[in-house]
Amino acid sequence: GAGVSQSPRYKVAKRGQDVALRCDPISGHVSLFWYQQALGQGPEFLTYFQNEAQLDKSGLPSDRFFAERPEGSVSTLKIQRTQQEDSAVYLCASSLAGYEQYFGPGTRLTVT
Amino acid sequence: GQQVMQIPQYQHVQEGEDFTTYCNSSTTLSNIQWYKQRPGGHPVFLIQLVKSGEVKKQKRLTFQFGEAKKNSSLHITATQTTDVGTYFCAGPGETSGSRLTFGEGTQLTVNP
């Protein structure tokens with residue numbers, strides 16, 4: 001069956017631009033997570049949704065980062081006024097019951 | 001805050017040699033998960049350990065959870081080139097049980 005999909009796969013943004021990253025979770029998965037992965041590091045938690053409710057956003061690094069999941073399925077991670085330190089791979093994962101997480105291919109964001 | 005540490009950071013082996021990576025948490029964990037990330041890929045769930053002292057095997061892979069539930073290990077017997085990748089351990093977050101705190105990973109390369 002279809003896994004988690006993310007778009008775009010690659011995004012180059014000039015510093016100061018806004019970007020929007022999309023995640024399509026596995027159908028029926030109520031939990032959705034966003035992680036940020038820097039080169040050579042493990043994924044770092046950003047935020048977590050259960051259905052449409054954002055239950056934990058403690059990992060968002062600044063108020064420039066915003067995530068939503070209005071209908072409890074597709075989610076969008078928005079970064080405003082991008083900075084060079086935002087360059088990373090942004091991973092989305094979904095989970096059925098808080099057990100194993102299924103990761104998407106990620107969006108590689110490069111801020112120039 | 002909670003920290004999950006892994007050693008070694010890198011491991012180079014000849015095909016057929018064994019490999020072990022170790023994971024230590026600063027706090028007691030309710031469970032621990034292991035993921036594998038191939039070069040250029042995304043993390044893929046391998047296993048979850050829940051019980052103190054638990055040992056699970058998947059073919060050539062053996063996973064252990066420490067008695068104090070603060071450490072874990074992954075051992076691969078007779079490595080193959082298909083084992084190449086980065087192995088991450090991850091524990092549930094302190095504030096939200098569903099989020100995962102990942103270690104920095106052990107990058108395994110296998111020389112044929």
Side-chain angles (χ1 to χ4, degrees), chain A residues 2-7 9-10 21 23-26 29-51 53-61 67 69 75 88-109, chain B residues 1-11 21-26 29-51 56 58 63 72 74 85-109:
Chain A
V4 178
S5 60
Q6 292 186 246
S7 62
R9 292 292 312 278
Y10 304 91
L21 313 180
C23 172
D24 280 87
I26 293 173
H29 279 195
V30 299
S31 299
L32 185 145
F33 307 83
W34 284 98
Y35 293 88
Q36 181 189 61
Q37 187 173 27
L39 190 63
Q41 302 293 315
E44 289 208 10
F45 171 82
L46 294 176
T47 187
Y48 157 58
F49 290 86
Q50 186 167 310
N51 295 306
Q54 189 174 20
L55 298 186
D56 187 348
K57 55 180 181 179
S58 61
L60 296 176
R69 194 186 185 198
S75 177
V89 174
Y90 289 85
L91 294 165
C92 174
S94 70
S95 174
L96 184 58
Y99 185 51
E100 61 188 276
Q101 295 187 14
Y102 295 83
F103 283 82
T107 294
R108 182 177 297 278
L109 172 65
Chain B
Q2 180 189 54
Q3 288 186 314
V4 177
M5 296 147 287
Q6 275 186 262
I7 56 170
Q9 189 174 359
Y10 303 97
Q11 186 75 59
T21 174
Y22 299 90
C23 176
N24 289 284
S25 171
S26 58
L29 301 171
S30 59
N31 65 80
I32 193 157
Q33 297 183 15
W34 284 90
Y35 290 78
K36 176 183 178 181
Q37 186 171 22
R38 293 181 186 274
H42 56 275
V44 175
F45 175 83
L46 294 177
I47 206 162
Q48 176 173 281
L49 305 172
V50 178
K51 299 177 182 177
K56 285 189 175 180
Q58 289 180 350
F63 304 83
S72 182
L74 159 59
T86 301
Y87 294 84
F88 293 99
C89 62
E94 289 181 303
T95 55
S96 169
S98 292
R99 62 181 282 182
L100 292 174
T101 299
F102 282 80
E104 292 189 346
T106 296
Q107 185 176 323
L108 172 66
T109 55

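Each chain gets a letter, A, B and so on, in the order its sequence line appears, and its residues count up from 1. Atom set for the values below is all heavy atoms of this structure, side chains included, hydrogens, waters and symmetry mates excluded.
Residue B:Y35 holds its OH atom at 7.0 Å from CD of A:E100, rounded to the nearest 0.5 Å. To the nearest 0.5 angstrom, B:R99 atom CZ is 14.0 Å from A:K57 atom NZ. Between A:Q101 atom CD and B:Q48 atom CD the span is 10.0 Å, to the nearest 0.5 Å.
Under a cut-off of 6.0 angstrom, the local environment of CD in A:Q54 is crowded, with over 12 non-hydrogen atoms contributed by other residues, nucleotides or ligands. By the 6.0 Å contact criterion, OH on B:Y22 is open, its count of non-hydrogen atoms from other residues, nucleotides or ligands being 12 or less.
Contact of A:Y102 with chain B is not made at all, since no heavy-atom distance falls under 4.5 Å. Heavy-atom distances place no part of B:Q107 under 4.5 Å from chain A, backbone and side chain included. Only the side chain of A:Q37 comes within contact range of chain B, with heavy atoms under 4.5 Å apart.
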